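Because only heavy atoms are used, hydrogens play no part in the values below, and waters and symmetry mates are left out as well, while side chains stay in. Not measured: the values here are computed from a predicted model.
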Amino acid sequence: MTQTTEIIFTNLFAMLRNEFFGEENSIQPMSEYKCRKLDALRERINDEQLYSAAETYSFESNHQERWRKKVYDGERHAIDTSIETMQFLNIVVFNISRIEQGTLSIRGLITMGLYLRQQGHRVDFVKFETWVKQLRIYGMVSLLSSLLIQLFSFDPDELPFRFKTYPQAFLWAYLQLTDQHKNTPLHRTKSIILFSPIGTLALWKKVTQNALDSIEE
């Protein structure tokens with residue numbers, strides 16, 4: 001990352017933290033060129049698909065999707081059902097599905113961060129950690145947590161669940177947002193295999209099936 005792009009990204013996320021999290025960060029002076037680049041990134045973020053609490057989001061992997069449905073069905077019939085915890089998991093699944101489809105959702109991360117700060121006290125994080133293990137999404141949850149810390153200045157204590165810190169999450173986000181990781185099956189799998197081996201396998205199965213279908217046609 002060059003000094004120019006670092007200034008653009010620093011200002012971009014300072015503005016986003018000001019807008020969505022009520023912070024008062026100062027913005028570094030920029031040239032007209034840098035302003036245009038920042039505006040293009042803001043437009044891209046504004047055009048992202050938004051999370052909807054009315055929808056239930058799914059995984060790319062059929063295995064994970066079966067596990068997710070089992071978790072949801074079990075929780076709905078539990079004596080101590082936690083709607084807030086299910087909603088938080090749904091937000092996490094939304095973010096994971098966007099990444100696996102080749103699009104990092106900054107608005108999805110913001111939704112996750114806002115939910116943690118506004119409803120986190122009502123989330124059963126013991127249950128959530130159990131579900132993370134059952135769904136095998138520890139790597140992706142760790143990535144999302146690292147992004148909240150590095151992009152939106154969250155304190156690790158604000159993420160009351162177990163996760164691994166990825167020091168290069170900021171750079172990873174930069175590559176995603178600037179299309180340095182091109183949205184092709186090869187580039188998508190390279191960018192997520194560390195965080196989601198199961199999602200990577202599901203992607204390649206889909207690519208292979210599409211290729212076979214094309215041959216048959």
Side-chain angles (χ1 to χ4, degrees), residues 1-53 87-88 90-121 123 125 139-183 187-188 191-192 194-195:
M1 181 184 295
T2 66
Q3 184 178 13
T4 295
T5 53
E6 185 173 358
I7 290 174
I8 293 171
F9 262 66
T10 298
N11 279 346
L12 171 65
F13 286 100
M15 290 177 178
L16 290 172
R17 292 197 303 273
N18 291 349
E19 179 179 351
F20 291 98
F21 295 101
E23 298 183 13
E24 297 181 354
N25 299 291
S26 59
I27 307 301
Q28 299 181 51
M30 294 190 299
S31 65
E32 184 177 342
Y33 168 79
K34 292 175 185 174
C35 287
R36 288 199 304 270
K37 289 291 185 180
L38 189 148
D39 289 342
L41 288 170
R42 279 303 305 260
E43 183 175 350
R44 174 174 178 163
I45 292 170
N46 290 339
D47 289 341
E48 288 178 352
Q49 175 188 344
L50 297 179
Y51 171 82
S52 171
Q87 189 66 254
F88 182 61
N90 199 39
I91 295 170
V92 170
V93 175
F94 169 80
N95 277 283
I96 292 174
S97 67
R98 298 307 300 160
I99 291 172
E100 291 181 346
Q101 291 167 21
T103 306
L104 170 63
S105 174
I106 298 301
R107 294 298 295 271
L109 277 173
I110 291 170
T111 299
M112 181 177 174
L114 288 173
Y115 196 87
L116 279 168
R117 286 185 173 172
Q118 296 171 359
Q119 300 292 331
H121 63 287
V123 174
F125 288 107
M140 277 296 200
V141 168
S142 295
L143 173 61
L144 295 173
S145 300
S146 297
L147 289 170
L148 284 175
I149 291 170
Q150 294 175 36
L151 300 181
F152 293 104
S153 298
F154 269 62
D155 189 282
D157 291 340
E158 294 184 89
L159 310 171
F161 46 84
R162 193 169 62 90
F163 65 93
K164 174 182 177 180
T165 300
Y166 290 111
Q168 298 299 314
F170 185 92
L171 178 59
W172 182 88
Y174 160 74
L175 295 174
Q176 295 290 321
L177 291 176
T178 57
D179 293 324
Q180 298 298 310
H181 283 315
K182 297 178 182 177
N183 195 14
H187 285 84
R188 284 163 61 190
S191 70
I192 68 171
L194 173 65
F195 315 111

* Find out whether Leu41 and Ile8 are in side-chain contact, i.e. whether some heavy atom of one side chain is under 4.5 Å from a heavy atom of the other. => yes
* Minimum heavy-atom separation for Glu48 to Leu104, with atom names? -> OE2-O, 3.4 Å
* **Contacts of Phe154 that satisfy ring-ring contact (aromatic ring centres under 6.0 Å, His included) - sequence neighbours left out** => Phe21
* **Qualifying residues under side chain to side chain donor-acceptor pair (under 3.5 Å), relative to Arg44, sequence neighbours excluded** => Asp179
* Structure fact -> Minimal heavy-atom distance between Ser26 and Ala14, with the atoms involved, is O-CB, 4.4 Å
* Asked: Taking the side chain as C-beta and beyond, is there a heavy-atom pair between Glu19 and Arg42 under 4.5 Å?
  -> yes
* Results of ring-ring contact (aromatic ring centres under 6.0 Å, His included) for Tyr166 - residues two or more places apart only -> Phe195
* **Residues, nucleotides or ligands: over 12 heavy atoms within 6.0 Å of Arg162 CZ** => no
* Starting at CG of Leu151, measure out to CG of Leu16 and round the result to the nearest 0.5 Å. => 9.0 Å
* **From CD1 (Ile45) to CG (Leu109), nearest 0.5 Å** => 10.0 Å
* To do: List for me each residue that meets side chain to side chain donor-acceptor pair (under 3.5 Å) alongside Arg107, sequence neighbours excluded, and say none if there are none.
  => none
* Tell me, please, which residues at least two apart from Glu6 pass side chain to side chain donor-acceptor pair (under 3.5 Å). => none
* To do: State, to 0.1 Å, how close Ala173 and Leu147 come at their nearest heavy-atom pair, and which atoms those are.
  => CB-CD2, 3.8 Å
* Structure fact -> When every non-hydrogen atom of Ile91 is compared with those of Gly108, the smallest separation belongs to CG2-O, 4.4 Å
* To do: Measure the shortest side-chain to side-chain distance between Lys34 and Leu38 over non-hydrogen atoms and say whether it is less than 4.5 angstrom.
  => no
* To do: Please examine the side chains of Leu144 and Phe163, heavy atoms only from C-beta on, and report whether any two atoms are closer than 4.5 Å.
  => no
* How far does CZ of Phe88 sit from CZ of Phe161, to the nearest 0.5 angstrom? -> 4.5 Å
* **Verdict with supporting geometry, Met112 and Phe94, side chain to side chain contact (heavy atoms under 4.5 Å, CB included)** => CA-CA 10 Å; Met112 181 177 174; Phe94 169 80; over 6 Å; no
* Heavy-atom closest pair, residues Asn90 and Ser52 -> ND2-O, 4.4 Å
* Nearest-0.5 Å distance that lies between atom CH2 in Trp172 and atom CG in Leu177 -> 8.5 Å
* Structure fact -> Rounded to the nearest 0.5 Å, the CG atom of Leu116 sits from the CZ atom of Phe152 at a distance of 12.5 Å
* Less than 4.5 Å apart, any side-chain heavy atom of Gln87 and any of Gln119? -> no
* Are any of the side-chain heavy atoms of Phe13 and Gln150 separated by less than 4.5 Å? -> no
* **Heavy-atom pair of closest approach, residues Pro156 and Ile149** => CG-CD1, 4.1 Å
* Asked: Atom CG of Leu50 and atom OG of Ser105: how far apart are they, to the nearest 0.5 Å?
  -> 8.0 Å
* Looking at side-chain heavy atoms only, is the closest gap between Tyr33 and Thr4 below 4.5 Å? -> yes
* Residues that Glu23 engages under side chain to side chain donor-acceptor pair (under 3.5 Å), provided they are two or more places apart -> Arg17, Asn25
* Is a side-chain N or O of Asn11 found less than 3.5 angstrom from the main chain of Ile27, in a donor-acceptor match? -> no
